[in-house]
Amino acid sequence: MQCSSYWFCPDVWTAVILLILCRFRGCVSHLKINKYYTIKSEMAKDFPTRAENYAQWYNDLVIKADMAENSAVRGCMVIKPYGYAIWEKMQAALDKMFKDTGHVNAYFPIFIPKSFFSKEASHVEGFAKECAVVTHYRLKNDPDGKGVVVDENAKLEEELIVRPTSETIIWDTYRNWIQSYRDLPLLINQWANVVRWEMRTRLFLRTAEFLWQEGHTAHATAEEAIAETEQMLNVYADFAENFMAVPVLKGVKSPNERFAGAVETYCIEALMQDGKALQAGTSHFLGQNFAKAFDVQFLSKENKLEYVWATSWGVSTRLMGALIMAHSDDHGLVLPPKLAPTQVVIIPIYKTNEQLAAITEKVDIIVKNLKAKGITVKYDDRDTYKPGWKFNEYEFKGVPVRLAIGPRDLENGTVEVSRRDTLEKSSFQIADIETKIEHLLQSIQDNLFQKAVDFRENMTTKADTWEEFVDLLDNKGGFILAHWDGTPETEQEIKEKTKATIRLIPLDARPEEGRCILTGKPSSRRVVFARAY
RNA sequence: CGGGAUGUAGCGCAGCCCGGUAGCGCGCUUCGUUCGGGACGAAGAGGCCGCAGGUUCGAAUCCUGUCAUCCCGACCA
């Protein structure tokens, strides 16, 4: 078959994807200005401050820091090398944590037979409206002119769904893998892309296609499955706090916000600088819902046939959005050292080739010693850009530490050290610099986390009356701790009135008698409300 | 699906009302001077003006159609 169109190269078959229905997404809400915003720098050319326009600031940052861009396909992004390098660091850290907790990786197909979807009722309901569907497997030359058209003769017997998540195909597969309690637990993770046909998209935060990992485990008992669900939630929280330097709240979702098909959804929730919450990871206890839907049973030690207990858990490239919004400032991206593709950049300042050679000689030693400590370092000796240009470039890209070495430093045996988080500059003696840098990186990591913790504490407020609640939402934002009568109807009504949702019911919530913020009915503990991404 | 707007160089835009064959800034190329926070000068390269019709001697500009994108709204893992 010939293909005259350069953008499409069908060799054996090609999928045609139909969009099933559109779903409206709530509009991005307003921004709040708070004291954590800094004054605009003249150096960040054409780059809005967070206070001016938070949404624009985020969009520009992602693009100008060269992390991602929009693609020819609406709603889908191209993750550029710098952005992908950060994602790879995240993957590496998470993957190790998964392996350390006994999980193994596997890969399941991107296409799911349509019939699989209808086997778990609430699961279908949750995802049906945002599924892309493959209906045909071949193109042909347009008989009337140029280009190609769908070959109507190549219609699939059964349509295929492009996975929005993989529970169905995985459980259909697990049925054949599990017969006995000896086959359990089954602890599998996969790194994959998924597609959820979103109407309103934003780079990293909500895209039609995104990258993620999804863990799917099978257990002999409910207790064990719940323990797994909680363990993975803790892994996520650990990762968020120790690698991303983003503090998170841990809790369970209200029924309204629960994953389609789950018995209980646990989540970690982070707070962004504009006072909006961002769900950063979820871990689901699926009960026996999928086991029953896909008939996955095992013989127990007692020789009884039982349905297995399941969990699933995932984090996605949305974490990139969380990372960006948590730390970055009006000068650009700020990266925690543990996730920065380049932790230290070294810039030579010179006029003559002789000076450059002398600097390079010193730098080579520093590079070698930093690398020996496991620090990723880049010596940018390009002569096609000036030092000032490079300073701005790396500052905007969030490189945690910058070293500059010029003729003056050579004379004094010093290096200019500049840290991205505080923008402070100081002069270090070159001797034993690698140890100082090592400590500096740790202190940047710690400082970013502490700043984020302080911010969250300042932005977490109790509300005891409806007026207080609304006032906080409109004028302060952040997490609001309030009483709720526990009914979905009340949550729905609050959402309709304020656009705020229950982000989670804290795992460590202390019992506290109170009255529901909306209905005045009795409540036994506070839950966390916020407007969210 | 309703309401509004926009498609002109890689990016951001002007030109359109009042038709005469396209311009500005950034970026890019070359040369020279520069180089401790985005350098300066000079010389260059780059555009079926979203697409298809129509009006006209002549269309980026006027008319019709069409496609695409963005924003706003009917409310959702």
Side-chain angles (χ1 to χ4, degrees), chain A residues 19 21-29 41-47 55-56 59-60 63-64 69-75 122-131 145-147 164-165 167 194 196-202 206 210 212 253-262 265 267 279 281-282 284 312 314 316 318 331-332 347-353 355-356 359 381-397 402-412 414-418 420 423 425 427 491-493 495-499 501-504 532-533:
Chain A
L19 166 60
L21 273 175
C22 311
R23 164 140 47 140
F24 168 73
R25 284 276 163 193
C27 70
V28 179
S29 87
S41 153
E42 289 185 18
M43 281 181 281
K45 285 180 181 170
D46 306 321
F47 181 57
Q56 191 66 44
N59 292 339
D60 284 14
I63 288 167
K64 291 184 178 173
E69 63 187 35
N70 285 305
S71 70
V73 182
R74 184 194 150 85
S122 57
H123 193 66
V124 209
E125 201 193 328
F127 286 106
K129 282 181 266 184
E130 48 191 8
C131 285
K146 340 155 204 168
T165 179
E167 272 77 6
V194 288
R196 297 179 187 179
W197 210 273
E198 302 285 353
M199 285 295 98
R200 289 277 171 85
T201 60
R202 290 188 71 190
R206 174 169 283 127
F210 55 90
W212 77 345
K253 286 293 187 192
S254 65
N256 286 7
E257 299 276 325
R258 197 175 280 155
F259 174 74
T265 287
C267 65
Q279 177 177 295
T282 49
H284 314 289
S312 70
S316 71
R318 190 176 221 215
H331 300 265
I347 297 170
I349 294 153
Y350 61 93
K351 288 183 187 170
T352 65
N353 284 335
Q355 283 175 334
L356 176 62
I359 291 165
D381 61 351
R382 288 177 297 175
D383 60 0
T384 44
Y385 293 95
K386 295 180 60 186
W389 192 94
K390 293 176 186 174
F391 287 1
N392 284 287
E393 168 85 356
Y394 293 110
E395 185 168 293
F396 202 85
K397 288 186 152 190
R402 183 189 72 225
L403 306 184
I405 303 185
R408 285 208 300 273
D409 292 300
L410 286 186
E411 278 176 32
N412 304 333
T414 57
V415 184
E416 184 192 83
V417 179
S418 172
R420 178 62 184 88
L423 296 169
K425 280 198 273 198
S427 197
E491 181 181 7
Q492 189 59 30
E493 194 178 335
K495 189 173 177 179
E496 280 162 17
K497 287 188 159 141
T498 64
K499 285 184 174 158
T501 50
I502 296 174
R503 298 320 302 158
L504 53 76
Y533 276 97

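Throughout, protein chains are lettered first and strands after them, A, B, ... in sequence-line order, and every chain is numbered starting at 1.
Looking at heavy-atom distances under 4.0 Å, Pro164(A) makes no contact with the nucleic acid at all. Within the 4.0 angstrom heavy-atom criterion, no nucleotide atom of any strand lies near Asp383(A). Heavy atoms of Lys253(A) sit nowhere under 4.0 angstrom from any nucleic acid atom. No contact: Phe259(A) has no heavy atom under 4.0 Å from any strand. Using a 4.0 Å heavy-atom criterion, one finds that Ala404(A) contacts the bases of the nucleic acid, with or without backbone contacts as well. Nucleic acid contact for Arg408(A): base, since at least one base atom lies under 4.0 Å from a heavy atom of the residue.
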Look for any protein N or O under 3.5 Å of an N or O in nucleotides 30-35 of chain B and output each such pair with its distance, or none.
unit_1: C35(B); atom_1: O2'; unit_2: Tyr350(A); atom_2: O; d: 3.2

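G10(B) and C57(B) are spaced 34 Å apart, taking the P atom of each and rounding to whole Å.
Rounded to whole Å, the distance from NZ on Lys390(A) to P on G38(B) is 14 Å.
Glu493(A) is linked by a salt bridge (charged side-chain N to carboxylate O under 4.0 Å, His left out) to Lys497(A), counting only residues two or more places apart in sequence or in another chain.
OP1 or OP2 of C76(B) has not a single side-chain nitrogen or oxygen of Arg200(A) nearer than 4.0 Å.
At distances below 3.5 Å, not a single donor-acceptor pair connects side-chain atoms of Arg318(A) with backbone N or O atoms of Gly281(A).
Comparing atom distances between the Trp389(A) side chain and each of G38(B), A77(B), G36(B) picks out G38(B) as nearest.
Nucleotide G23(B) has C13(B) as its partner under the Watson-Crick or G-U criteria, with both atom distances under 3.5 Å.
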